[in-house]
Amino acid sequence: MDKLVIEGGLRLKGEVVISGSKNAVLPIMAATLLTDERCVINGVPDLRDVQTMTKILRSLGKTVEFNKGTITVAPNKHSSFVADYKLVSTMRASFCVLGPLLGKLKIAKVSLPGGCVIGVRPVDLHLKGIKALGASLNIESGYVVAKATQLKGSRIYLGGAYGSSVLATANVMMAATLAKGKTIIESAACEPEIIDLAEFLIKMGARIRGQGTPTLEIEGVRSLQGAMHTVIPDRIEAGTFMVAALITKGDILIKNVCYEHLGAVVDKLQEAGAFITTKDNALHICYKTRLKPINVTTLPYPGFPTDMQAQVMSLMAVTPGISIITEKIYPDRFIHVAELNRMGAHIQREGPHAIIEGVKELCGAPVMASDLRASASLVLAGLVAKGKTSVLRIYHLERGYEKLEKKLEKLGAKIYREKE
Ligand code: EPZ
């Protein structure tokens, strides 16, 4: 396994281009199961998770080619309705093949995804929605087996204890595109990635309204056609580089962003004292004066994204004063606290809250990556820590960040890969 070695203390300056959104492309790849025709997806990041979804689509009978950011998906001679445990257990997002498989083949057998370090990750809302469309559901040896002679549109409330569910909204919306009649999803997720998925489905011939609002309306159609689509930029990668600029007291032009997807992140970083401007599809962020501590609460979109929680924690770890981060989506998503404290941070966890007392300096150390965004927070901390930081098990990072060390190196970071 590889590790990333970072020598801290260098200011980042220059330009970086953001890749396509991981959390948009994964459900869009799953949506290609809804048609027997060829689909072309552009702006696809070369990520471990994209490779995993590619393997899953191939195991379900698709031919999938990935070439210079473009994925071409076409039907193969056979198609299967079984998404295997070995693949699904490595990536929770695989579960979003359930809806399209059921919609297209009227049968699906998908392994239940395991939990992960950020939480239990239940799928009760996915199953509630699929059932509401008329499918019969059985759990057999860790697999969900869903069947339906004909899915029927219905009104479904998809809100859970922690608000809306992104992938449950995706699963139910995809299944509903081929159901008979109208489906209304209440308390649907409003994330930009759901909007992007809906746009792709509409290009395939689906009839969807309300994407980006809590009420989605889907009028079922008989079949869907192939389509071409370019994926939106990754708002979490953009946010990660915004923090990289501030934590190193740098100045970065971040290109290929949708500024409107970053509202809550821009708001909070400006509150901390960042200078942020935007022009065309770029965002310029620079550090001008000492930052102030901030309080952050994660919420469903358009609230502050949980996927930016760990990154902002690293920034607040070196910002004088007391900051409080409250995690309302995954109350256990604090595995990065222990690792940051090993680097000299003063962070105390109190249930869903993390109380951060900013310190003058972090010290480089060997640290363990655990989940994608926690790993990013450790890299950010390494950029500012005194001395060398080694981030181990960086395959977690490779799941969701395309060429991260190359992009950071180009901005002036001293960062390189070594065998663990
Ligand atoms: C998506 O996961 C993202 N992943 C996650 O990003 C992101 O953290 C999450 O949305 C929240 O924004 C992808 O899009 C591939 P949820 P998802 O269902 O859809 C609870 C990353 O780092 N819930 O919106 O699986 C759940 O426990 C990843 O890129 C239920 O209770 O998340 C959580 O508390 C990590 N029942 C809340 O809802 C369900 O059936 C939101 O989860 C489903 C979810």
Side-chain angles (χ1 to χ4, degrees), residues 19-31 45 47-50 52-53 56 88 90-99 110 112-132 137 144 156-174 185 187-197 214 231-232 234-240 261 264-265 298-311 327-333 335-336 352 369-377 396-402:
S19 303
S21 164
K22 166 181 87 78
N23 291 350
V25 73
L26 295 174
I28 285 172
M29 288 175 73
L47 302 172
R48 201 178 279 271
D49 276 7
V50 170
T52 303
M53 186 58 88
I56 290 169
V88 174
T90 63
M91 182 182 73
R92 172 189 167 77
S94 332
F95 199 66
C96 71
V97 302
L98 174 66
V110 180
L112 282 164
C116 67
V117 287
I118 65 176
V120 174
R121 311 295 299 268
V123 290
D124 56 306
L125 297 173
H126 298 245
L127 304 184
K128 174 183 178 184
I130 293 294
K131 218 169 168 184
L137 285 179
V144 173
I156 307 163
Y157 178 76
L158 266 194
Y162 297 94
S164 53
S165 163
V166 176
L167 288 180
T169 301
N171 247 333
V172 178
M173 174 166 68
M174 288 190 277
I185 302 177
S187 193
C190 303
E191 270 71 3
E193 293 77 25
I194 290 292
I195 298 175
D196 208 30
L197 172 61
V231 173
I232 55 172
D234 195 312
R235 62 191 169 100
I236 305 301
E237 186 193 13
T240 304
H261 293 165
V265 176
T298 65
L299 288 167
Y301 192 88
F304 191 91
T306 174
D307 292 350
M308 277 298 302
Q309 182 255 101
Q311 298 91 311
E327 174 54 71
K328 289 239 171 155
I329 307 293
Y330 299 110
D332 288 331
R333 193 176 196 171
I335 197 145
H336 40 287
S370 52
D371 77 275
L372 171 55
R373 308 303 174 182
S375 319
S377 78
H396 288 290
L397 268 177
E398 291 160 345
R399 292 190 49 180
Y401 287 95
E402 186 180 43

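When reading the values below, keep in mind they use all heavy atoms of this one structure, side chains included, and skip hydrogens, waters and symmetry mates. Atoms within each ligand, like the ligands themselves, are counted from 1 in listed order.
Of all protein heavy atoms, the one closest to atom 40 (O) of ligand 1 is Leu125 N, 2.7 Å. Taking atom 2 (O) of ligand 1 as the reference point, the nearest protein heavy-atom neighbour is Arg121 NH2, 3.5 Å. Atom 3 (C) of ligand 1 has as its closest protein heavy atom Asn23 ND2, 3.7 Å. Considering only non-hydrogen protein atoms, atom 25 (O) of ligand 1 sits nearest to Arg92 NE, 2.7 Å. Remark: minimum distance from atom 9 (C) of ligand 1 to any protein heavy atom is reached at Tyr330 OH, 3.5 Å. At the top of the distance list for atom 31 (O) of ligand 1, counting protein heavy atoms only, stands Pro122 CG, 3.4 Å. Counting protein heavy atoms only, atom 28 (C) of ligand 1 is closest to Asp307 OD2, 3.7 Å. Nearest protein neighbour of atom 24 (O) of ligand 1, counting heavy atoms only, is Val166 N, 2.8 Å.
Side-chain contact check for Met174 versus Leu197: some heavy-atom pair is nearer than 4.5 Å. Here the side chains of His336 and Gln309 are in contact, with some heavy-atom distance below 4.5 Å. The shortest distance between side-chain heavy atoms of Arg121 and Pro113 does not fall below 4.5 Å. Contact of the Met53 side chain with the Cys96 side chain is registered, since non-hydrogen atoms from C-beta on lie closer than 4.5 Å.
Of the N or O atoms in Tyr162, none lie within a sub-3.5 Å distance of an N or O in ligand 1. Polar contact check, Ala168 against ligand 1: no nitrogen or oxygen pair lies under 3.5 Å apart. By the 3.5 Å distance cut-off applied to N or O atoms, Asp124 is counted among the residues near ligand 1. Considering backbone and side-chain N/O of Leu26, none are found under 3.5 Å from N/O of ligand 1. Close N/O approach between Leu167 and ligand 1 is found [any backbone or side-chain N/O within under 3.5 Å].
With a 4.0 Å cut-off on non-hydrogen atoms, Tyr301 does not touch ligand 1 at all.
Checked by atom type and distance alone, the side chain of Asn171 pairs as donor or acceptor with a backbone atom of Phe95 at under 3.5 Å. When atom types are taken as modelled, the side chain of Lys128 and the backbone of Ile156 share no donor-acceptor pair closer than 3.5 angstrom. Checking side-chain atoms of Asp234 against main-chain N and O of Lys22 turns up a donor-acceptor pair under 3.5 Å. Between the side chain of Thr298 and the main chain of Lys328, a donor-acceptor pair closer than 3.5 Å is present. Between the side chain of Glu327 and the backbone N or O of Ile329 there is at least one donor-acceptor pair closer than 3.5 Å. For Asp196 (side chain) and Ile232 (main-chain N/O), a donor-acceptor pair under 3.5 Å exists by modelled atom type.
Atoms of ligand 1 lying under 4.0 Å from at least one heavy atom of Thr306, given by number and element, are 8 (O), 11 (C), 12 (O). When each atom of ligand 1 is checked for a heavy atom of Lys22 under 4.0 Å away, the hits are 21 (C), 29 (O). For ligand 1, the atoms closer than 4.0 angstrom to any heavy atom of Ala93 are 15 (C).
Look at Ser165 and you'll find a heavy atom under 4.0 Å from some atom of ligand 1.
Between the side chains of Arg48 and Tyr401, no donor N or O sits under 3.5 Å from an acceptor N or O.
Proximity annotation for atom 35 (C) of ligand 1: of Arg373, Glu327, His126, Arg333, Arg333 comes nearest, heavy atoms only.
With salt bridges taken as basic N to acidic carboxylate O contacts below 4.0 Å, one links Arg333 and Asp307.
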